[in-house]
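Beneath this line is the structure, given in C-alpha cells, with notes to follow.
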Amino acid sequence: MAADAPELSAQERAGKAFPVSWDQFHRDCRALTWRLNEVGPFHAVIAITRGGLVPAAIVARELGVRVIDTVCIASYDHNKQGELQVLKGISEQAIKLGGGTGKGLLIVDDLVDTGKTGRMVREMLPDAHFATVYAKPMGRPLVDTFITEVSQDTWIFFPWDTALSYHPPLRDGAA
Ligand SMILES: O=P(O)(O)OC[C@H]1O[C@H](OP(=O)(O)OP(=O)(O)O)[C@H](O)[C@@H]1O
Ligand SMILES: O=c1[nH]c(=O)c2nc[nH]c2[nH]1
Ligand SMILES: [Mg+2]
C-alpha cells in the first residue's frame, strides 16, 4: 500500500482509528503489569522514548522497580517513518545490571507497529524482556508480552497526542 501512495502518511494509510483515553491507557498498563509480574523480577526498566515513557512509569510503579533508563530513538516525524536514529543509547550502568545481554531487564514501549524500533532495541539487549501495551501484526513477533492487538491498518491515537475537540454529527458527513 505504501508503494501505491507514497505521499500518504502512515496515519492516512492506516485508515482505521483507535483512540485511547488516559483512563483506558492506565487500565491497559496495569493489565500489562499483571502479566509482567509473572515473568519478573526485573532489575531495571528501559523505556523507549518518547512513547515508552508513560507506560514505563506506570509499570515500574506497579512492579516496584526504581531503576529506569531510556533509549531515545526517533523514527516517525509526526506520522511518516524515516530512518531510525538513536539519539541516546542505554547507559553503561543499566547494561551492567543486565549482564551485558539484557538478562533481567524490561524494555517498555507504547506499541510495536512495523517492529523496526523494537528490533533495534532487541539487538542491543537480546536477553531482555520486551513489553508493549499495543501490538500490530508486523511487530507482534518481536514482543514478549503485550495487552491488545490492533490490525495493521489501524492508527492508535494516544492521549498525549490528542485533545478534546468538536466533532460534527454523523448525519453531517463525519466519519
Ligand atoms: O514498530 P515501529 O514501526 O518502529 O513503530 C513503533 C514506534 O513508533 C512510535 O515512536 P515514534 O518513532 O513515533 O517516536 P515517539 O515515541 O517519540 O513518539 C512508537 O512509540 C514506537 O516506539
Ligand atoms: O501514535 C502512534 N500511533 C500508531 O499507531 C503508530 N504506529 C507507529 N507509530 C505510531 N504512533
Ligand atoms: Mg516511540
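On a predicted model such as this, the values are computed, not experimentally measured, just so you know. Note: hydrogens, waters and symmetry copies are ignored here, and every other heavy atom, side chains too, is used. Order of appearance sets the numbers: ligands from 1, and atoms from 1 within every ligand.
Counting heavy atoms closer than 4.0 Å to ligand 2, residue Leu111 contributes side-chain atoms (C-beta onward) but none from N, CA, C or O. Heavy atoms from both the backbone and the side chain of Leu111 come within less than 4.0 Å of ligand 1. Only the side chain of Asp110 comes within 4.0 Å of ligand 1, counting heavy atoms alone; its backbone N, CA, C and O stay farther away. Both the backbone and the side chain of Thr114 come within contact range of ligand 1, each with a heavy atom under 4.0 Å.
Contact atoms of ligand 2 toward Phe158: 1 (O), 2 (C) (distance under 4.0 Å to a heavy atom of the residue). Close contacts of ligand 1 with Gly51, meaning ligand atoms under 4.0 Å from a residue heavy atom, involve 15 (P), 16 (O). Residue contact check: Val112 has heavy atoms under 4.0 Å from atoms 1 (O) of ligand 1. Remark: ligand 2 atoms within the under-4.0 Å shell around heavy atoms of Lys136 are 4 (C), 5 (O), 7 (N). The Asp113 neighbourhood of ligand 2 comprises atoms 6 (C), 7 (N), 8 (C), with distances under 4.0 Å to a heavy atom of that residue.
Remark: the backbone N or O of Leu142 is paired with a side-chain donor or acceptor of Arg122 at under 3.5 angstrom. Judged by distance alone, the side chain of Asp28 and the main-chain N or O of Val133 form no donor-acceptor pair under 3.5 Å. Without hydrogens or angle criteria, Asp69 side chain to Ser91 main chain gives a donor-acceptor distance under 3.5 Å. In this structure a side-chain-to-backbone donor-acceptor pair under 3.5 Å is missing from Lys16 to Trp155. Judged purely by atom type and a 3.5 angstrom limit, Thr154 has no side-chain atom pairing as donor or acceptor with the backbone of Val150.
Between Phe25 and Trp160, the ring planes lie perpendicular to each other; the angle is over 60°, past the 30° to 60° tilted range.
Annotation: Gly115 places an N or O atom under 3.5 Å from an N or O atom of ligand 1; distance criterion only. Taking only nitrogen or oxygen atoms, main chain and side chain alike, Gly118 does not reach within less than 3.5 Å of ligand 1. Of the N or O atoms in Ile156, one or more lie within a sub-3.5 Å distance of an N or O in ligand 2.
For atom 12 (O) of ligand 1, the choice among Ala47, Ser75, Gly139 with the nearest heavy atom turns out to be Ser75.
The pair Lys136-Glu149 fails the salt-bridge criterion, with no side-chain N (NZ, NE, NH1 or NH2) lying under 4.0 Å from an Asp/Glu carboxylate O.
Side-chain polar atoms of Lys88 and Thr70 form a donor-acceptor pair below 3.5 angstrom.
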Kindly determine whether Ile46 and Val108 satisfy side-chain contact (heavy atoms from CB on, under 4.5 Å), including the steps that lead there. CA-CA 6 Å; Ile46 316 290; Val108 175; over 6 Å; no
